[in-house]
Structure formats: structure tokens, C-alpha cells
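Values in this document were obtained by computation on a predicted structure and should not be read as measured data. Read the numbers this way: they start at 1 and go in the same order the structure lists the ligands and their atoms.
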Amino acid sequence: MEHPLAVVILAAGKGTRMKSKKPKVLHSLLGRSMIEYVVDTALSLQPQFVGVVIGYEGHAVKKELQDKPVSFIEQNEQLGTGHALMQAASDLGDFSGMVLCINGDTPLLQPQTLQSMVEKHGEEKVKASVLTTELETPHGYGRVIRDENTTLLKAIIEEKDLPDEYGSIKEINAGSYVFDSPSIFQVLRKIDNDNAQGEYYITDVVAVWSREGKKVRAHKAENYQEILGINDRAELARVEKLMLKEIINAHMREGVRIEDPDHTYIEPQVKIGPDTVIRPGCFLQGETEVAKEAIIGPHTTLIDSRVGARSQIISSYVNQATLGQDCNVGPYAHLRPETVLAEGVKVGDFVEIKKSTIGRGSKVPHLSYVGDAVIGPGCNIGAGTIVANYDGKEKHKTEIGEGVFIGSNTTLIAPVKLGPGAATGAGAVVTRDVPANTTVVGVPARPFERREKGKTDKM
Ligand code: UD1
Ligand code: MG
């Protein structure tokens, strides 16, 4: 490789302005942590080395990134961003090439932006490149001071240290840099902490190199939004909203109807088929996949779930469940992990289903609990049916064959099996297996026999 590349991500700070116990970079946007976005962007550049500088709650950051091919660099005291990069000297002190340094709190950064900064840096043979952009309200950011004649950079000055004369500058430091290595580690030794925050600022290397007559260039990002840093909760919400807007627009471009984009939450991994309607107040999370022509919502949460074509789910909470085609769920259903609904299943209001499979065309229309059960096709589970799957110590299984009819308010005491075509009377408490095509009634349930022809059946 002509210009070997290493990346260092700064993620040791507490993030005081978040007012949180959690380190700033572990706060999440659309279900993924801030640091994960930045690390994935860095890895997509295929550098030779990615190091993450950790400090405050470093073990938690390490854990979050345990599956990523990155190295960890400890910064025991958070003495500033310059001090943070300096900690990489033991890993990179002998590295000859380019070091891309990225703040861990800018999750919108796009790989192409960094890639083009890296390429330009290599072509122009400068000591440093600083990613910049212009902001109408540059509040909180370091300001970029350019040389009037050459447009090279003279300095970056933090807002807290900014003299009045620079007050009108709108070009800001985005917090990503390409440095020449190993000279960056020598110049870092020359910076001090004589500033408003008493910290070693990484940004001071610009002034040091500029004074020494070395070239530092700005790489201006076209899209100002992607450089937005997150320092407090309001900025976290703002950046998350921008990410969400992108995702929602992408789905709409692919033919998904999203009725109210301002009141819809969709995480990055979610897949949705064309002509599916997402009604207001929905949360589609994790690895959820919704096929075409489905209707989701209003007010429905889907987490790591699959929904078949043309299924409809109203005002329900669905977690790690799989629904076939043409199912009808809700309002107010709760489908819990390992629930599988075959094609054409109906699950109605106030029904909870856990770790159960419901066969094709079966119905659980009202007020039921079904847990650890396998229900065959064509069954009707009456209102108020309860599968008593837990004896206080263990969970037990219930098996219901094809075409079974469960009367209202039946309690099925697991483990229990009901053969195909079996039925229970209203209020039955089923404690023993029921053979095929047999009706049981009463408490405890027993086979029902007609006593006299022509008379109403009473137990
Ligand atoms: C920094 C820049 C500022 C720029 C802005 C862009 C400096 C001095 N200022 O300010 O010019 O406009 O980013 O978003 O760099 N960190 C460490 N160790 C430390 C201190 C910080 O690892 O000792 C990490 C933090 O975890 C964070 C990143 O460095 O991920 C940036 O720190 P932060 O405090 O957010 O800097 P800003 O004030 O935003
Ligand atoms: Mg910041």
C-alpha cells in the first residue's frame, strides 16, 4: 500500500455534559451505541490498525466492542484529546503512514467523507488534514483559523478560548483528522494545557505545525449534518432524528407506506416489503422483517420479529416472534419469544402467547394465555382459555391436535395432550389427556355423555 493507514478513535471521556453514569460513547441511537457506528465506519476503510482509546468505564466500552477487530488503548486520566491520541504512541510510535484520528462522538460520519480526506491528504503531502464544515450556529465547536493568503490552517481555537476578533468565524473543526505518522507523536509532545479547560488539546498541533512552517489543510465536508458531534442529550436526540429520517426516507423510496414519519421509529437493520403500511406510533426494532402488503399499527412494537405478507397487527407488542402470511393480530396482543404463527392465524385482543406454535388458520380470539404449547391447524381457542404451563417449579408442554375446539374459560393443566377433533366445554379444567374426537367437560374435565335424547345437556 502506498500510504498505510491506521485509525485511532477517541472514546475515553466521561461525557460530563450528558449528566450520565454511562460513558458518552455507549449512549445509543436507534438501538446501537454511538461508538459502534464510529468503529464500523472506521473498519469500512480497511485500515491496518484500529485503536480505540478508552478510559472512563473503559471495561464497558471494551465489552460493547468485544466482537470488533479493534485494539484498546488505555488513557488512565482524561487530560484532553491531545493526551488521548498520545496514548497510541506505544502502538503506533513506529508506524510510518497516515493516522486517521476520529472523535468517538460523531456517529453520522460517512466512510466516503473520511476516505476522500485520507486520499487528498496523501496527494497533497501535508502534515495534517482537518475535517471542517461551516455551521450557521457554530456554538460549542472549535473554530478554524485560516491563513488569509494560502488558505492553509493556522490554528484551531476552542470556543472557550476564542478571542472576540474570531467571533464571526463559521468554519468549525469536525473532530476528525489525518496526521502524518510518526511525526504526529513528536509534535504532540510540544503541546501544553495552558487553556480555559486545562487540557491537552489535539487541535493545538495545528498551530505548532503552522508556526514551524508545515502545511495543514482543511478538508471541508459538503454535508454539514454528518459531522455533528454529540455532547449532551439534546444533541443525541437531534442526531438520532437525522438518522431516523434517512432510514424512513429510504423505506419510502422502496415502496413502503409510512403514514406519519414523525411518529414512526425504525432501526437500521429492519427490512420492510413494498406496499406495507406502517401506521403512526410504531417501533420496528432489531432484526425485524416485515414482508409485503402488511399493515402494522397503529401503536405496535416489533422486536426481532418476522411478519408474513398481508398480515395485520394492531396496537400490539411482538418480541422475537414469527408470523406467517395473512395473520391477524391485536388489538392489544402480546407475542413473546419463540411464538410462531402459521399462515392465517388470528390472535385477538388481550391474548398473550409465549414459546408456542399455532397451526394454520387457528384462532385465539380473546383474553387467553398460551405458553409452551403446540396448537394444530384449524383450532378454535375460546375466550378466556388459560394454559397453566407452570407448576411453580417447572414449565410443561401442552399439545393440541388439528381441529380442536376449546370452550370458553377452559384451563389446560400442563403437561396435557388433546387429540385431533377433541373439544372442551366452557369452564372445563383439563387435567388429563383427551383422546381424539372426544369432548370433555367439568372440573376436573371428564368425557361428556348425553344422558337422554332430546333434553338439554347440563352438567
Ligand atoms: C472537540 C474538539 C473541537 C471540535 C469538536 C467536534 C478538542 C480540544 N476539541 O471538542 O475543536 O469542534 O470536538 O465534535 O479536541 N476524549 C478522550 N480523552 C480525553 C478527552 C476526550 O478520549 O481526555 C474523547 C471523548 O470521549 C470524545 C472525543 O474525545 O469522544 C471528543 O471529546 P469532547 O470532550 O467531546 O470534545 P469537544 O468538546 O466536543
Ligand atoms: Mg464532542
Checklist entry - side-chain hydrogen bond (donor to acceptor under 3.5 Å, both in side chains) between Gln110 and Thr41: does it pass, once the steps are laid out? => result CA-CA 7 Å; Gln110 294 303 304; Thr41 299; over 6 Å; no

Item to check | Test log, rule side chain to side chain contact (heavy atoms under 4.5 Å, CB included), inputs Met117 and Ser176 | outcome: CA-CA 9 Å; Met117 174 161 71; Ser176 289; 4.0 Å; yes

Checklist entry - Checking side chain to side chain contact (heavy atoms under 4.5 Å, CB included) for the pair Thr322/Thr339: CA distance, chi angles, key distance, verdict? => result CA-CA 6 Å; Thr322 303; Thr339 291; over 6 Å; no

Checklist entry - For Lys127 and Phe179, what are the C-alpha separation, side-chain angles and deciding distance, and is it a side chain to side chain contact (heavy atoms under 4.5 Å, CB included)? => result CA-CA 6 Å; Lys127 278 286 171 196; Phe179 297 119; over 6 Å; no

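In this structure, the protein non-hydrogen atom closest to atom 11 (O) of ligand 1 is Glu158 OE2, 2.6 Å. The nearest heavy-atom contact from the protein to atom 33 (P) of ligand 1 is Arg17 NH2, 4.0 Å. With respect to atom 1 (C) of ligand 1, the closest heavy atom belonging to the protein is Asn103 ND2, 3.7 Å. The nearest protein atom to atom 25 (C) of ligand 1, hydrogens excluded, is given as Gly13 N, 3.8 Å; this is a heavy-atom distance. With respect to atom 6 (C) of ligand 1, the closest heavy atom belonging to the protein is Asn173 O, 3.4 Å. When hydrogens are left out, the protein atom nearest atom 18 (N) of ligand 1 is Gln75 OE1, 2.7 Å; that is the closest non-hydrogen contact. Here the protein heavy atom with the shortest distance to atom 30 (O) of ligand 1 is Leu10 O, 2.8 Å. Ranking protein heavy atoms by distance to atom 21 (C) of ligand 1, first place goes to Thr81 CG2, 3.7 Å.
When all heavy atoms of Met18 and Arg233 are compared, the pair lying nearest together is O-NE, 3.0 Å. Scanning both residues, Val216 and Trp209, for their nearest heavy atoms gives CG2-CB, 4.0 Å.
In terms of modelled atom types and a separation under 3.5 Å, the side chain of Ser129 and the main chain of Tyr177 share no donor-acceptor contact. In this structure a side-chain-to-backbone donor-acceptor pair under 3.5 Å is present from Thr276 to Ala291. In this structure, Thr264 contributes its side chain and Asp260 its backbone to a donor-acceptor pair below 3.5 Å. Side chain of Thr132 to main chain of Ala218: no donor-acceptor pair is present (N/O by atom type, distance under 3.5 Å, no hydrogens or angles). A donor-acceptor pair under 3.5 Å is absent between the side-chain atoms of Glu394 and the main chain of Asp391, judged by distance alone.
Of the listed residues (Ala84, Cys101, Gly80, Gly175), the one carrying the non-hydrogen atom nearest atom 23 (O) of ligand 1 is Gly80.
Interface of Lys24 with ligand 1, defined as ligand atoms under 4.0 Å from a residue heavy atom, comprises 35 (O). Applying the 4.0 Å criterion to heavy atoms of Ile202 picks out, from ligand 1, the atoms 15 (O). Proximity to Asp105 (heavy-atom distance under 4.0 Å) selects the following atoms of ligand 1: 30 (O), 35 (O). Every atom of ligand 1 is numbered from 1 in the order shown, and the set under 4.0 Å from a heavy atom of Gly104 is 30 (O).
Annotation: Tyr141 places no N or O atom under 3.5 Å from an N or O atom of ligand 1; distance criterion only. At least one N/O-N/O distance between Gly142 and ligand 1 falls below 3.5 Å.
When non-hydrogen atoms are compared, ligand 1 lies under 4.0 Å from neither the backbone nor the side chain of Pro23. Contact annotation for His83 and ligand 1: no heavy atom of the residue comes within less than 4.0 Å of the ligand. Under 4.0 Å from ligand 1, heavy atoms of Ala12 appear from its side chain as well as its backbone. Looking at Glu199 against ligand 1, nothing comes within 4.0 Å, counting heavy atoms.
Using a 4.5 Å cut-off on side-chain heavy atoms (C-beta onward), Leu100 and Pro47 make no contact. Using a 4.5 Å heavy-atom cutoff, the side chains of Arg217 and Val130 are not in contact. Under the 4.5 Å side-chain criterion, counting only non-hydrogen atoms from C-beta, Glu171 is not in contact with Pro138.
For Thr106, every N, O or S atom stays at 2.8 Å or more from the Mg ion (ligand 2).
For Ala11, the heavy-atom gap to ligand 1 drops under 4.0 angstrom. Under the 4.0 angstrom criterion for non-hydrogen atoms, Asn231 is in contact with ligand 1.
Taking the N/O/S atoms of Asp105 in turn, the shortest distance to the Mg ion (ligand 2) belongs to OD2.
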